[in-house]
Amino acid sequence: MKPWEQNIRKVIPYVPGEQPNKEGMVKLNTNENPYPPAPGVKQVLQGMDTDILRLYPDPTIKRLGEELAHFYHLNNDQVFVGVGSDDVLAMAFMTFFNSEKPILFPDISYSFYPVWCDLLRIPYNRPALGEDFCIVKEDYYPGNGGVVLANPNAPTSVYEELSIIEDIIQHNQDVIVIVDEAYIDFAGDSALELINKYENLLVVQTFSKSRSMAGMRIGYAMGNASLIKALNDVKYSFNSYTMNQTAILAGVEAVKDIDYFGKSIQKIIVTRKKAESKLKELGFSFPKSGANFIFASHDKIPAKEIFDALRQNNIYVRYFNAPRIDNYLRITIGTDNEMNQLFDFLVNFIRKYTE
Ligand SMILES: *Cc1c(COP(=O)(O)O)cnc(C)c1O
């Protein structure tokens, strides 16, 4: 080993879902929204004055931050905006988890959390979810360096009632509790209503799923003004101009269109309900989904075999070769047409397999 090699910061990176781009493919593998962003987004991008690209963007991201604050009935100093919630979460891990004590997050959760911990040298423990993939809240009572909960959880789709989340926050008022709500708009009550009650709570959300803008990279955190200031201090110590001009303009338009937002979520929830009954009919079981995906296991056929067969037929879902979840498929809710293509294939495949 060369001497300088010892000083390279080594990390095993997060592996994002593949992004194939094939004719006629059915892409249900990365929880993207099958519907386009709000019409105002297209309009503002088509009419954009590209001369503004000459200038640095507003480092404070004021317009988008204010639009979000208005939408969520918050003060402007309670919102932090970043380059997708991955960026916001990484920034939050760097800002708030600086203790010798391990932070806590479930054994099955967003697989980026342990990667940031390893990168930033944050110790962590992963209490096991129950058999039903539900949180065992008492596991989060012992002293720790912070808590991270995805709600609804990924990749299980399980939504925990706000009372469970609040109980965990109540027992952890000496550390920061981050609730990652990437899928909350498809579920139930957000922990946002608790940020004025608990100054140690940070709620993180994204434009990537419910707002159909995974390609634009916008995420945000909401919490007590002092948490937001701490996040900004770290951000300005790292990269002041995180959000580009285009993303700021497009983001504002997406937040403004409340009507479109509600309708597009509703369409996905309706398709999810249909998909749940169809999957049941086909011999799959899964926890009740609070997200734009279903985490399903078949009673006879190993998940990996279904995954491979689907892939060969240009239908992409996600498979995780990890303990406890290696017999599950994570299936994103697409359009009705995409879901029908999936089901047509599965009906045939399962019939042939079980013949
Ligand atoms: C999709 C997802 C994110 C990241 O979303 P981006 O805003 O696209 O970076 C964060 N957390 C969870 C649980 C997710 O599923």
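Just so it is clear, the values below take in all heavy atoms, side chains as well, and ignore hydrogens, waters and symmetry mates. Whatever order the structure lists them in is the order used to number ligands and atoms, beginning at 1.
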Residue part near ligand 1, for Phe112, under 4.0 Å between non-hydrogen atoms:
neither
For atom 8 (O) of ligand 1, grab the closest protein heavy atom and report residue, atom and distance to one decimal in Å.
Ser208 OG, 2.6 Å
shortest atom 9 (O) of ligand 1-to-protein heavy-atom contact is with Arg217 NH2, 2.7 Å
Indicate the ring-plane relationship of His171 and Tyr141, choosing parallel, tilted or perpendicular according to the 30° and 60° boundaries.
parallel
Using the ring of Tyr35 (Phe, Tyr or Trp, six-membered ring only), decide whether Lys267 places NZ or CZ under 6.0 Å from its centre and within 45 degrees of its axis.
yes
Do any nitrogen or oxygen atoms of Tyr113 lie less than 3.5 angstrom from nitrogen or oxygen atoms of ligand 1?
no
Taking atom NZ of Lys10 as the centre, report whether more than 12 heavy atoms of other residues, nucleotides or ligands fall under 6.0 Å from it.
yes
Residue Gly84 vicinity, atoms of ligand 1 by number, heavy atom under 4.0 Å
7 (O), 9 (O)
If you draw a 6.0 Å radius around CD1 in Ile12, do more than 12 non-hydrogen atoms from other residues or ligands fall strictly inside?
no
Side chains of Tyr72 and Gln78, donor plus acceptor under 3.5 Å:
no
Could you tell me whether Ser85 approaches ligand 1 through its side chain, its backbone, both or neither, with non-hydrogen atoms closer than 4.0 Å?
both
So which protein heavy atom does atom 15 (O) of ligand 1 come closest to, and at what separation?
Tyr183 OH, 2.6 Å
of all protein heavy atoms, closest to atom 2 (C) of ligand 1 is Lys209 NZ, 2.4 Å
With distance as the sole test, does Thr332 use its side chain to make a donor-acceptor pair with the main-chain N or O of Leu28 at under 3.5 Å?
yes
Of the backbone atoms (N, CA, C, O) and the side-chain heavy atoms from C-beta on, which set of Asp180 has a member under 4.0 Å from an atom of ligand 1: side chain, backbone, both, or neither?
side chain
Over 60° means perpendicular and under 30° means parallel, so tell me whether Tyr328 and Phe295 are parallel, tilted or perpendicular.
parallel
